[in-house]
Amino acid sequence: MKQEQIRNFSIIAHIDHGKSTLADRIMELTGTTNDREAKNQLLDDLAVEQSHGITVKSKTVQNLYKADNGNTYQYNLIDTPGHVDFSYEVSKSLAASEGALLLVDATQGIQAQTVANYRLAKQNHLTIIPVINKIDSTIADVPKVEQQIRNLDKEFTDMTILKISAKNGLGIHDVLEAIYQRIPAPCGEKQQPLKALIFDSLFDPFKGIIAYVRIYDGIITKHTTLMLMANEQHFSANELGVFTPSMVPVNELYPGEVGFIMTGLKEPHLVRIGDTLTNYSVPTNQPIQGYEPVQSMVFAGFYPKNNDYNKLKLAIEKLALNDSSFQFNLETSTALGPGFRCGFLGILHLQIIRERLEKEYGLEVLTTSPNVTYQVHVKGQQQQDVLVVNNPVNFPYFSLIEDVEEPYVQAEITTPNDSLGAIMKLAEKHKGIFQTMKNEADLVTLIYNMPLSEIAYDFFSHLKSASHGYATMNTVFIGYQLADVVKVEIHINYAKVDALSFVLHREDAQIMTQALVHKLKVTVPKKLYPMPVQAIIEGKVIARIDIPPLRKNAAVNGEQRSISKKQALLRRQSANKRLEAHSDVTLTQEVFNSILELD
Ligand code: GTP
């Protein structure tokens, strides 16, 4: 295919505005899929994606479109994930495109994620084609939505805004025509040294890592030796091809094309999304801009229920192979035995991995309360010797700590005007430091700098409820800043339960630990004897409560008994207590949720 007949584009939209339905229609009309396949919404194939209704891994499909002008075009539709936890993948998918269809639901109008995605597309200098979807709906308000789009960007003032129904196929032909007419063909020189962007990857147990690439300059020919620029790893391109959407082998990939390469490499960390691929013998001297490795932001322990440790290990290893942003290390807890410390992009990512373990491998896991990474400076050590702590158990004893730094993010929150007050209150409650604010259509965008720990857990769901589901948020890591944090140890029945340790801001310690012990009182399974629960900070008990025993306490209630009988009973009970003190606390998921659900 001639380069000027290639178009690389993505569809960007707020959740449920019809992205997958439009993608299906495009594949149908270009003859890429038949009706039966189309019914299964090809782009969302993972079971978890279907249950969450969101797209996790970006995928790509090559379609051949016979245009009204007589030419045939190669339309590479690059799918983008839709959720904030995956904005890194969104960005890389967009970097592989020249254009984007900005899809807006005619019944809902511009929503927060529409604005956030539109902004990512602008940052990537894409040509944007606005499209109004669901015009068939009885509650569609097309003129209003059209006006909203025109207000979003001066560029849209005089532009023809396409109006479609992805559901019944209305207007899709116009979309297909607009793609080659408005989106530029990719540039790139085939004589230049090879420069290709890796925008996604997949692990195949037989073939190793499959890299999804977009060629900028040069040609990839079968069997040439290629090199990954980030780590100078090289390999032979034994198999390459394109997605139609199944993988079809080709002998060469040209500038502007999108396809896959079987790298044969078996270690997932070697192939990183955003890296530049070049020719080993004639490398380019300039990698593609904007490469940054993905960093795990949230950590939690995964422990097997039902002694499935080996099965869990295998499953986690497999999942990590297909998801370079999911990391894990072995760890052992005295309370829970052997398990894994896992790193995630955010809390939604954690939930998705947990569900995949359950649905795809039939494994249930206990998840400890999540935490961020702290950088701890220990007294008497050089300033540059930082202890990186991503498990509260390893947080040094308080008297040894010089200071602690925690990760900060810049949060860009887009919300409808009427929730502005509630959102600002929420951000301030979570230690957000206000930066700026601007209006876009009927929406307001607020920028805050915030500790990651404040937004890593359930901030997003609070944001949704404060805005009746309409606000969205994108975050960028901005570095580590000094933090006044303390480690909370939980002792149950006088024994420390290491898996329940967590770190929090000192100013919140009093209120949060009080709330926690009250929750633990109801979530920790009762025993035959009373068990005190203590929250200990820096060696001092700052909150305490007693979990009542399962049965009535004979020593207290036996009013008719003699004093000596009561004393004998109490002695027996306290002997029991000492026996049990170092074991036997049953930790259920509800116990861990008590920490997670603290507000
Ligand atoms: P995410 O992957 O969750 O971001 O969703 P999506 O944007 O891919 O939306 P999807 O295509 O799954 O559509 C969401 C819902 O809107 C589905 O119930 C579709 O049937 C419906 N829908 C999509 N297009 C149209 C349309 O043109 N008209 C009407 N009435 N409904 C539509």
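Treat the numbers as computed from the prediction; the structure is a model and nothing was measured. Note that ligands are numbered from 1 as they come in the structure, with each ligand's atoms numbered from 1 the same way.
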Q. Taking non-hydrogen atoms only, is S165 closer than 4.0 angstrom to ligand 1 via side chain, backbone, both or neither?
A. both
Q. Do any N/O atoms on K19 end up under 3.5 angstrom from N/O atoms on ligand 1?
A. yes
Q | Test of proximity, I164 against ligand 1: N or O pairs below 3.5 Å | A | no
Q | Centroid-centroid distance, F340 to F302, less than 6.0 Å | A | no
Q. Under 6.0 Å between the ring centres of F326 and F344?
A. yes
Q.
Between the side chains of E28 and R25, is the shortest nitrogen-to-carboxylate-oxygen separation below 4.0 Å, so that they form an ion pair?
A. yes
Q) Side chains of R119 and T445: do they bring a donor and an acceptor to under 3.5 Å? A) yes
Q) Which is closest to atom 30 (N) of ligand 1 by heavy-atom distance: D136, L170, D24? A) D136
**Q.** Of the listed options G18, S20, A140, closest to atom 8 (O) of ligand 1 (non-hydrogen atoms)
**A.** S20
Q | Partners meeting ring-ring contact (aromatic ring centres under 6.0 Å, His included) with Y303 (sequence neighbours left out) | A | none
Q. What part of H17, side chain, backbone, both or neither, has a heavy atom within less than 4.0 angstrom of ligand 1?
A. backbone
Q: List every atom of ligand 1 that sits less than 4.0 Å from any heavy atom of D16, numbering the atoms from 1 in the order shown and giving each element.
A: 1 (P), 3 (O), 4 (O), 5 (O), 6 (P), 7 (O), 9 (O), 14 (C), 16 (O)
Q: Could you list the atoms of ligand 1 found under 4.0 angstrom from a heavy atom of I15?
A: 3 (O), 4 (O)
(Q) Checking F260 now: which residues fulfil ring-ring contact (aromatic ring centres under 6.0 Å, His included) with it, not counting sequence neighbours? (A) F243
Q | Nearest option to atom 19 (C) of ligand 1, as decided by whichever heavy atom of L22, I139, I172, T21 sits closest | A | T21
Q: Decide whether an N or O pair under 3.5 Å exists between K134 and ligand 1.
A: yes
Q) Can you tell which part of N133 has a heavy atom less than 4.0 Å from ligand 1: side chain, backbone, both or neither? A) side chain
Q: Inspect the contact between R354 and E358 and indicate whether a charged nitrogen and a carboxylate oxygen are less than 4.0 angstrom apart.
A: no
Q. Given A106, A166, G171, which one has a non-hydrogen atom that is nearest to atom 27 (O) of ligand 1?
A. A166
Q.
Quick test of your reading of the model: are E155 and R150 salt-bridged, counting only N-O distances below 4.0 Å?
A. no
